[in-house]
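All figures in this text were calculated on a predicted structure; none of them were measured in a lab. We name chains A, B, ... by the order of the sequence lines, and we start the count at 1 in each one.
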Amino acid sequence: MKKILAVIKREYIQIVRTKGFIIGTILGPVFMLALIVVPIIVSSASVEKQETIGVVDLTNEIFMELDDKLDHKDYRLKDGFRRYVLEKFEPSPGVEEVRNELREKVLRKEISAYIYIPEDVLEIGPAESAAKDSVPEEVKAEYVSEHTTDFEELRTLNRALNNVVIEKRLKREGLDPLKVAQYIKRVDLQPIKITKKGEEKDTAGTFMISYFLALIIYMAILIYGQVIMRGVIEEKSSRVVEVVLSSLKPFQLMMGKILGIGAVGLTQFSIWTLFGIGASVYSTSFIPAGADFAMPSIPAHVFIYFVVFFILGYFLFGTLYAAIGSLVNSEKEAQQLVMPVTMFLIVPIMLMIFIIRAPDSSLSVFLSMIPFFTPILMFLRITVLLPPFGQIGASIVILILTILLMVWLVAKIYRVGILMYGKRPKFAEIVRWIRYR
Amino acid sequence: MKERVGYLPEDRGLYPKMKVGELLLFLAEIKGLKSSEARKEIDFWLERFDLSDWKSKKVEELSRGMQQKLQFIVTVIHQPELIILDEPFSGLDPVNTKLLKDIMLEMKEKGRTIVFSTHRMEQVEMICDNICLINKAERVLEGNLSQIKKQYGKNTVVLDYDGEANFIKNFPEIEKIDDYGKFMEIRLKEKSSPQDLLPKLVGKISINKYEVKEPTLNAIFIEKVGGKEVKDEEDTSSH
């Protein structure tokens, strides 16, 4: 045991002291934050500038009001100037001629686009047809430009045009658009999550947090598993292992390595957790009051299960990665063998959406009982809809038994593989190693 | 058991990224040394091998020879009773070779058993008590070195000379010759006497040394294994 401790200490100190660990620990949260914040900043600080848009209005009624609408402050640039300046083009001598002329203007960049409004946009079908087809056929106006993928701009213009057209139609029928807006006000179906402790207004938070935490388990197992594997390969190729094994048993070396690197992982999580708590304390004083975003809290039991499933998952996959490391001579060689192990991690990730939607279906229960899937899927189920404790307990017991079996098997493979150089052993040979006494 | 054995592999077996002091401490600890005890030993051995200045350098920064010395420290730091050395002198300059050899003899004095594996027969001759020649995983020759040499009798001549000595090959009393150009090991036939050979050489070449002795281990080895491919041989020096 003292020897395992020495190995754990060595692994831990050697990794924690590397620049990679320090940078990774600091940059990890920064990176995650950046992943969330940067797109928001980029999209809000988008390349907005004033544009001139031509309008061919065959109804001859819409242009004025559309121009008014776009003059409203909602449609203006941040500095108060108009975002869209409209320029009216009369359809004379003929529609085609004007459209040709406008096409030229767009190509010459005199205007950035033109909108073509056909005559029939304001018309409504006869009442009978409206009753028969519950969805009336759409009328189409056209937005003609060289660049038609700025969907933000398209949506803005579309909304403005729509509002104008609908108001026009309503007025024609003698209806008050403001009143109609009240009539057709939407209802929002609000999800409320019930837990034993009471009710909690559920924004997209639970979903996001579940997904996020499960992904962290996945990433951590993947990353630290590879660290184990690389360590084993390094010891093997630098032949340190010969010296080390003249002092301790292969099993002690393997366990020490897995435990030491696991401790590194827990250290990193602890730092991140502290960072997270600090950030949330700081940011609650920061989020403007009345913002429609409740910082979803992570319940204590979820946090505990997170740690439990990370540790168990790490052990299960850590032994596999150690076995792979002992079988190969170089990292390149290892890649082929890593694939099937990685698949065991990727499959549950692909199943996540299904589990989140149907956390207590019998298929979900079954899948979360498969030990290689348990760390991610059972944890996910716990975050979404706390399963009966019997299920959680059963999955943990199965997982632990599997881990013990794997440790036993891998120790036998590792013991022989670690001192075996040259050609990679065939499967039959590995089976024979397991049978060695 | 493992605490009583020290092993020096042929290839360097050190963690390249670790600092010298930490590496020694780790490897001493897994041999069961207490860390206070280990620290004392580490300082002693680093001093002895003139590596004290390198204690906080990374192993990969050390030269091959220095790494070899470090590897040796790893092997003996826990004062093992059985020391296994696989080509311990490779990569060492003459000064360090002498230092290492002295320490090996010191260990022998203290009653430690050293298993010394090498391809260099002259090293074996100078150091070992008992030998075991291994060729293609089979024991070819085993026993006390001086007794083995006695068996081969005193009909070998070692000649240190200058000049053209090719003509010696044609003498009838010659069994076998191993010529190095300025140095020659001559094995005589059973009935011939070294005393008869010397006069035939005088005047023809300039003789710096003419010594009658037992055959060298090198010659014995070549004779034993013959022209067959040599694989490995191992020699034991024990107390």
Side-chain angles (χ1 to χ4, degrees), chain A residues 1-23 227-228 230-261 263-264 325-326 329-331 415 418-422, chain B residues 1-39 56 58-60 62 64 67-88 90 115 117:
Chain A
M1 196 58 218
K2 234 182 84 186
K3 291 183 176 183
I4 295 186
L5 271 176
V7 178
I8 293 174
K9 200 174 75 186
R10 193 199 84 83
E11 294 290 342
Y12 185 82
I13 292 173
Q14 290 302 313
I15 295 179
V16 167
R17 232 177 16 196
T18 56
K19 286 195 198 76
F21 176 81
I22 296 167
I23 293 170
V227 173
I228 295 176
R230 233 173 287 136
V232 174
I233 294 173
E234 207 178 281
E235 275 173 351
K236 194 177 166 179
S237 60
S238 68
R239 316 249 162 172
V240 193
V241 72
E242 291 180 28
V243 176
V244 174
L245 290 189
S246 76
S247 310
L248 37 75
K249 297 196 178 76
F251 180 76
Q252 292 171 318
L253 178 60
M254 185 182 89
M255 279 323 262
K257 191 170 228 36
I258 294 175
L259 289 170
I261 293 171
V264 173
S326 75
N329 300 299
S330 67
E331 265 183 67
R415 188 181 64 169
I418 195 83
L419 291 171
M420 196 75 92
Y421 298 99
Chain B
M1 223 300 270
K2 288 187 168 177
E3 284 75 16
R4 296 165 63 192
V5 181
Y7 169 57
L8 182 134
E10 185 176 0
D11 295 293
R12 245 34 113 260
L14 303 166
Y15 287 100
K17 302 272 177 212
M18 281 182 94
K19 288 179 183 162
V20 170
E22 291 173 352
L23 175 83
L24 288 172
L25 185 61
F26 168 68
L27 290 171
E29 274 180 354
I30 59 174
K31 278 291 185 191
L33 254 63
K34 287 203 195 71
S35 75
S36 56
E37 204 181 331
R39 275 173 225 278
S56 55
K58 281 187 181 169
V59 172
E60 60 189 357
L62 270 59
R64 208 179 127 80
Q67 288 187 17
Q68 182 70 358
K69 291 195 277 185
L70 188 58
Q71 191 85 61
F72 185 80
I73 297 176
V74 168
T75 310
V76 297
I77 197 161
H78 57 295
Q79 310 195 336
E81 292 161 52
L82 174 64
I83 302 166
I84 302 169
L85 305 174
D86 194 348
E87 299 284 3
S90 69
V115 175
S117 165

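For the atom pair CG of A:Leu5 and CD1 of B:Ile30, the computed distance is 13.0 Å after rounding to the nearest 0.5 Å.
Inspection of non-hydrogen atoms places B:Tyr7, B:Pro9, B:Asp11, B:Arg12, B:Gly13, B:Leu14, B:Tyr15, B:Pro16, B:Lys17, B:Met18, B:Glu22, B:Phe26, B:Leu27 of residues 7-27 of chain B under 4.5 Å from chain A. Applying a 4.5 Å heavy-atom cutoff, the residues of residues 10-23 of chain A that approach chain B are A:Arg10, A:Gln14, A:Arg17. Contacts between residues 77-88 of chain B and chain A, defined by a heavy-atom separation under 4.5 Å, are made by no residue at all.
With sequence neighbours excluded, no residue satisfies side-chain hydrogen bond (donor to acceptor under 3.5 Å, both in side chains) with A:Lys236.
Residue contact with chain B, scored on non-hydrogen atoms closer than 4.5 Å, is absent for A:Val241.
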Could you walk me through whether B:Lys31 and A:Ser246 satisfy the side-chain contact (heavy atoms from CB on, under 4.5 Å) test, starting with their C-alpha distance in whole Å, then the side-chain angles of each, then the deciding distance to 0.1 Å, before giving a yes or no? CA-CA 9 Å; B:Lys31 278 291 185 191; A:Ser246 76; 3.6 Å; yes
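Between the side chain of A:Lys2 and the backbone N or O of B:Lys34, no donor-acceptor pair lies under 3.5 Å.
Closest approach of A:Ala6 and B:Glu29 over heavy atoms only: CB-OE1, 3.9 Å.
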